[in-house]
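This report concerns only the one structure given below.
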Number of protein chains: 2
Amino acid sequence: MLEYEYMENPEFHIFMQEAIKEAKLGLEEGGIPIGSVMVKDGNIIGRGRNKRVQEGSQIRHAEMDCLENAGRMKSFEGVTLYSTLMPCYMCSGAIVEFNIKRVVVGESKNFSEGREFLKEHGVEIIDLDLEECKTMMATFIKNNPALWKEDIVE
Amino acid sequence: MLEYEYMENPEFHIFMQEAIKEAKLGLEEGGIPIGSVMVKDGNIIGRGRNKRVQEGSQIRHAEMDCLENAGRMKSFEGVTLYSTLMPCYMCSGAIVEFNIKRVVVGESKNFSEGREFLKEHGVEIIDLDLEECKTMMATFIKNNPALWKEDIVE
């Protein structure tokens, strides 16, 4: 079963830890704890975190900040995007637009919006379903419901 | 026929001219000529243009730049987004994510990617099909094929 093998692939967990570091850094800054990294050929080529609070940004979701910080790219072939949380429609749209073919998420229990859209567009999704990510996000949402609702414009 | 009435609505043309100004400003700066404004209650609340060249930005498509420049918003109720060109998946994802219910585009002949996605999510699309927008974009693509391919990651 492919999915099982994926869960066991240590690379996914190593890079997800880097996304989690970004999320925690965001939390320390007073922001929304969602982090992201982009990986190609075993190297991190971009990292980012949600910057709504820190930069008063409407569009700097973790994945968007990560994409932006990687700089201009002509091709995303071989790139895997990591995020501590399943991407929203904006970030999923960017993933499809830029032809990113694989996304690894820390969890999708607290938010799962982009999953079907990504699948429909042939993006491989690996959901690590990590307790650490689920607890971090659930705790944040419980303590900051208004900020969370603003971030997903609910 | 509703669509005909829309085409005749002078407000759409007045605000589209503002988006076209942004696109032309982008061209003068050496950038990709796509512009955008956001309107609420007859007032422009945000404006932007593609900043790939100007800011080395992967994510600052015109619509994203416009959204970002409007600052943090809790609700997009009553907001109409204008763009000189039909939005891509990233920008369409942002429109759906932020619950923007109406999009006015200058044209969709040179690029039409987001149309079906927007429609499926209940976004009203008004396509003005303006010669000015079509010619501006077609000329740019003809003269700068590599830059255009980079912008849509083809």
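What you are looking at is a predicted structure, and each value in this text was computed from that prediction instead of being measured. In the text below, chain A, chain B and the rest are named by the order of the sequence lines, each starting its count at 1.
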Quiz item: What distance do B:E55 atom CD and A:R72 atom CZ have between them, rounded to the nearest 0.5 Å?
Solution: 12.0 Å

Exercise. For the pair A:E68 (side chain) and B:I59 (backbone), establish whether a donor and an acceptor sit closer than 3.5 Å, ignoring hydrogens and angles.
Key: yes

Practice problem: Give every residue pair that meets the ring pair (Phe, Tyr, Trp, His ring centres under 6.0 Å) criterion with at least one member in residues 52-76 of chain B, sequence neighbours excluded. | Solution: B:F76-B:F98

Self-check item: Atom group of A:E113 that falls short of 4.5 Å from chain B, counting heavy atoms
Solution: side chain

Quiz item: Cluster question for you: counting only ILVMFWY and a side-chain heavy-atom cut-off of under 4.5 Å, with indirect links fine, are A:M64 and A:I95 together?
Solution: yes

Quiz item: Above 12 or not: heavy atoms from other molecules or residues under 6.0 Å from CD of B:E120?
Solution: yes

Please report, to 0.1 Å, the donor-acceptor pairs under 3.5 Å made by any side chain of residues 79-90 of chain B, with sequence neighbours excluded.
unit_1: B:T80; atom_1: OG1; unit_2: B:R102; atom_2: NE; d: 3.2
unit_1: B:S83; atom_1: OG; unit_2: B:E63; atom_2: OE2; d: 3.0
unit_1: B:S83; atom_1: OG; unit_2: B:L85; atom_2: N; d: 3.3
unit_1: B:S83; atom_1: OG; unit_2: B:L85; atom_2: O; d: 2.8
unit_1: B:T84; atom_1: OG1; unit_2: B:G35; atom_2: N; d: 3.1
unit_1: B:Y89; atom_1: OH; unit_2: A:H121; atom_2: NE2; d: 3.3

Self-check item: Transitive ILVMFWY side-chain link B:V105 to B:F111, under 4.5 Å
Solution: no

Self-check item: Partner chain B: residue of A:K74, A:E97, A:R60, A:M73 with the largest heavy-atom pair count (under 4.5 Å)
Solution: A:E97

Quiz item: Given the rule that I, L, V, M, F, W and Y join up when any side-chain heavy atoms are under 4.5 Å apart, are A:L25 and A:L67 in one cluster?
Solution: no

Practice problem: Using non-hydrogen atoms and a 4.5 Å limit, figure out which bit of A:S92 sits close to chain B: side chain, backbone, both or neither. | Solution: neither

Quiz item: Heavy atoms under 4.5 Å from chain B: which residues of residues 132-154 of chain A carry them?
Solution: A:L147, A:E150, A:D151, A:I152, A:V153

Quiz item: If Ile, Leu, Val, Met, Phe, Trp and Tyr residues are connected whenever their side-chain heavy atoms lie under 4.5 Å apart, and connections chain through other members, are B:V37 and B:L27 in the same group?
Solution: no

Quiz item: Where along residues 39-54 of chain B does a heavy atom come under 4.5 Å of chain A, listed by residue number?
Solution: B:R52, B:V53

Quiz prompt | ILVMFWY cluster, A:M38 and A:V123 together (side-chain gap under 4.5 Å) | solution = yes

